[in-house]
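Remarks on the structure that follows.
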Amino acid sequence: MENMLHLVPSHAASIPDSFVLPADHLRPATAAAAVSLPVIDMSRGRDEVRRAMLDAGKEHGFFQVVNHGVPEQVLRDMEAVCQEFFGMPAADKAEFYSEDKSRRNRLFSGTTYETLGERYWRDCLRLVYPLPDGDTKEWPHKPQKLREVVENFTVRARGLAMEILRLLCEVMGLRPDYFEGDISGGRVALDINHYPPCPNPSRTLGLPPHCDRDLITILLPGTVPGLEVAYKGDWIRVQPVPNSFVVNFGLQLEVVTNGMLKSVEHRAATNSAAPRMSVATFIVPADDCVVGPAEEFVGEDNPPRYRTLRVGDFKRMHNVVNLGSSLNQITNLKSNQKEI
Ligand code: OGA
Ligand code: NI
């Protein structure tokens with residue numbers, strides 16, 4: 001529990017050595033001025049929206065959505081209750097703290113990927129919403145409103161994710177229910193990320209460069225910038241748009257589309273001025289679900305570029321963030337697939 005960064009009231013003038021990353025892994029974002037993530041207004045016509053998603057998806061693997069149908073109040077309540085959770089006295093959070101990675105619901109610090117021992121400037125409350133029954137028994141009892149607020153947010157965010165998947169099916173020529181069932185029906189996993197102010201933001205990261213491993217991610221980005229997305233060998237710094245979600249494709253979506261939609265690397269930067277909160281909602285396939293390129297994306301001129309694998313096996317192998325591989329995760333995905 002003493003690992004939790006946010007429990008140290010003011011961090012000393014420098015960060016512990018375990019957080020210091022090699023300089024060549026910390027290239028700052030420089031494309032920010034020139035390129036920004038597309039913002040898609042989902043209240044526009046269906047055809048316009050789905051085309052914009054496909055274009056943005058092909059170009060960036062990421063986009064932002066506004067007028068997405070999740071009421072502002074749901075976002076505000078979620079932000080407030082998450083703040084309240086991290087603001088509780090340490091004793092109230094201690095029973096939820098665990099370094100046991102097999103525990104699905106827990107509070108921890110750092111990252112859950114198998115890194116090489118380096119640490120990351122992030123505290124995280126991870127909550128899992130199993131499907132189809134959505135059992136919240138193991139979620140924190142305090143703050144009192146947490147279960148109700150987070151469940152409501154989770155159901156809405158999942159609904160949005162499924163709507164985006166349907167739009168993508170329509171525009172890509174897949175049957176509209178392709179992503180119903182096991183491929184989206186394992187569980188919803190929420191990472192409520194809290195990045196405290198960091199005295200040396202140029203020497204560390206909140207999250208290492210990584211691709212999300214599931215189907216699709218809906219991120220509530222908070223109001224403080226920090227998310228950076230790989231783009232043409234550089235990093236784009238995402239400017240949060242009020243009441244937006246950031247949407248990005250997980251590795252399973254890249255596999256289904258045989259590489260048409262890419263799961264793009266991203267990372268979280270820290271800053272010295274203000275704490276940052278973000279909520280990542282991951283749509284997770286059932287472990288037993290077998291995922292491979294859909295036949296619509298495979299043809300004589302377009303052989304399968306990925307193997308068809310059980311999601312559980314895929315994830316067991318693809319659990320390593322190798323800092324040296326930054327911006328080259330696609331190659332990793334393919335070589336990992338060969339090893340299974
Ligand atoms: C994640 C993630 C980005 C952020 O939780 O997988 O990429 O901005 N988060 O917190
Ligand atoms: Ni991520």
Side-chain angles (χ1 to χ4, degrees), residues 29 31-46 48-83 149-150 152-168 171 188-195 206-207 211-212 214-231 235-250 253 261-269 271 274-283:
V35 190
S36 54
L37 282 191
V39 179
I40 299 175
D41 178 350
M42 290 184 71
S43 66
R44 313 281 298 199
R46 197 168 180 88
E48 183 182 334
V49 169
R50 63 195 179 197
R51 272 174 202 287
M53 285 180 179
L54 185 62
D55 291 347
K58 282 182 176 170
E59 177 73 8
H60 292 281
F62 266 83
F63 49 85
Q64 294 169 91
V65 290
V66 292
N67 295 323
H68 40 62
V70 182
E72 256 181 74
Q73 197 56 47
V74 173
L75 310 184
R76 294 298 88 77
D77 289 350
M78 181 67 181
E79 286 161 354
V81 86
C82 295
Q83 298 277 12
V149 168
V150 177
N152 188 25
F153 173 87
T154 305
V155 169
R156 301 275 197 162
R158 182 171 194 275
L160 172 61
M162 296 310 294
E163 172 66 2
I164 292 170
L165 289 169
R166 263 191 305 277
L167 288 159
L168 287 168
V171 68
V188 184
L190 292 181
D191 273 3
I192 301 168
N193 300 311
H194 181 83
Y195 305 95
L207 271 177
C211 296
D212 296 344
D214 298 302
L215 191 58
I216 193 165
T217 307
I218 305 284
L219 181 85
L220 184 64
T223 50
V224 176
L227 173 63
E228 298 182 350
V229 175
Y231 183 69
W235 294 100
I236 297 177
R237 174 154 265 227
V238 178
Q239 291 304 327
V241 173
N243 298 318
S244 71
F245 282 103
V246 177
V247 180
N248 67 291
F249 307 141
L253 198 52
L261 300 180
K262 297 269 190 301
S263 181
V264 168
E265 266 193 323
H266 51 287
R267 64 184 190 181
N271 78 84
R276 172 171 183 251
M277 183 109 88
S278 69
V279 181
T281 304
F282 304 101
I283 305 303

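Hydrogens, waters and symmetry mates play no part in the numbers below; they use all other heavy atoms, side chains included.
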Original post:
How many angstroms lie between SG in Cys82 and NE2 in His194, if you round to the nearest 0.5 Å?
Top reply: 11.0 Å
**OP:** Assess whether side chain to side chain contact (heavy atoms under 4.5 Å, CB included) is satisfied between Leu168 and Arg50, documenting all intermediate values.
**Re:** CA-CA 6 Å; Leu168 287 168; Arg50 63 195 179 197; over 6 Å; no
Subject >> Check: Asp214 main-chain N/O paired with Asp212 side-chain donor or acceptor under 3.5 Å >> reply: no
**OP:** Please round to the nearest 0.5 Å and tell me the distance separating atom CG of Leu165 and atom CE of Met53.
**Re:** 10.0 Å
Original post:
With a 3.5 Å cut-off and no angle check, do the side chains of Asn248 and His60 form a donor-acceptor pair?
Top reply: no
Original post:
So, for Asn67 and Ser43, which heavy atoms are closest and what is the spacing to 0.1 Å?
Top reply: ND2-OG, 3.6 Å
Original post:
Less than 4.5 Å apart, any side-chain heavy atom of Glu79 and any of Met277?
Top reply: no
Original post:
With no hydrogens and no angle check, is any side-chain donor or acceptor of Ser263 less than 3.5 Å from a backbone partner on Phe249?
Top reply: yes
Original post:
At their closest point, which heavy atom of Asn271 faces which heavy atom of Ala274, and how far apart are they?
Top reply: OD1-N, 2.8 Å
Original post:
How close do Ala56 and Pro38 get, heavy atom to heavy atom, and via which atoms?
Top reply: CB-CG, 3.6 Å
Original post:
Is there a side-chain contact between Val247 and Leu160, using heavy atoms and a 4.5 Å cut-off?
Top reply: no
Original post:
Minimum heavy-atom separation for Pro225 to Gln239, with atom names?
Top reply: CG-OE1, 3.9 Å
Subject >> Of Glu59, His266, Glu265, the residue whose pairing with Tyr231 passes side chain to side chain donor-acceptor pair (under 3.5 Å) >> reply: Glu59
Original post:
Can you name the nearest heavy-atom pair linking Leu261 to Gly57, along with the distance?
Top reply: CD2-C, 4.3 Å
Original post:
Does Arg44 CZ have over 12 foreign heavy atoms under 6.0 Å away?
Top reply: no
**OP:** Going by the side-chain contact (heavy atoms from CB on, under 4.5 Å) test, name the single residue among Val246, Leu207, Asn193, Val224 that passes it with Ser278.
**Re:** Asn193
Subject >> Over all atoms of both residues, closest heavy-atom pair of Val264 and Gly61 >> reply: CG2-CA, 3.9 Å
Original post:
Any side-chain heavy atom of Arg156 sitting closer than 4.5 Å to one from Pro71?
Top reply: yes
**OP:** Report the distance from atom OG of Ser244 to atom CG of Asp41, rounding to the nearest 0.5 Å.
**Re:** 12.0 Å
Subject >> Sub-4.5 Å side-chain heavy-atom contact between Glu48 and Ile40 >> reply: no
**OP:** Please determine which of Leu190, Val149, Val279 meets the side-chain contact (heavy atoms from CB on, under 4.5 Å) test together with Thr154.
**Re:** Leu190
**OP:** Side-chain contact test, heavy atoms from C-beta onward, threshold under 4.5 Å: evaluate it for Leu37 versus Phe63 and give yes or no.
**Re:** no
**OP:** Mark yes when over 12 heavy atoms from residues, nucleotides or ligands other than Arg51 sit less than 6.0 Å from its CZ; otherwise mark no.
**Re:** no
Original post:
Under a 4.5 Å cut-off applied to non-hydrogen side-chain atoms, are Met42 and Ile164 in contact?
Top reply: yes
Subject >> Heavy-atom side-chain contact between Leu227 and Pro221 under 4.5 Å >> reply: no
Original post:
Atom OG1 in Thr223, atom CZ in Arg276: separation rounded to 0.5 Å?
Top reply: 9.0 Å
**OP:** Find out whether Asn243 and Val66 are in side-chain contact, i.e. whether some heavy atom of one side chain is under 4.5 Å from a heavy atom of the other.
**Re:** no
**OP:** For Ile216 and Ile283, run side chain to side chain contact (heavy atoms under 4.5 Å, CB included): C-alpha distance rounded to whole Å, both residues' side-chain angles, the deciding distance at 0.1 Å, then the answer.
**Re:** CA-CA 6 Å; Ile216 193 165; Ile283 305 303; 3.6 Å; yes
Original post:
Relative to each other, are the rings of Phe245 and Phe153 parallel, tilted or perpendicular (30° and 60° limits)?
Top reply: tilted
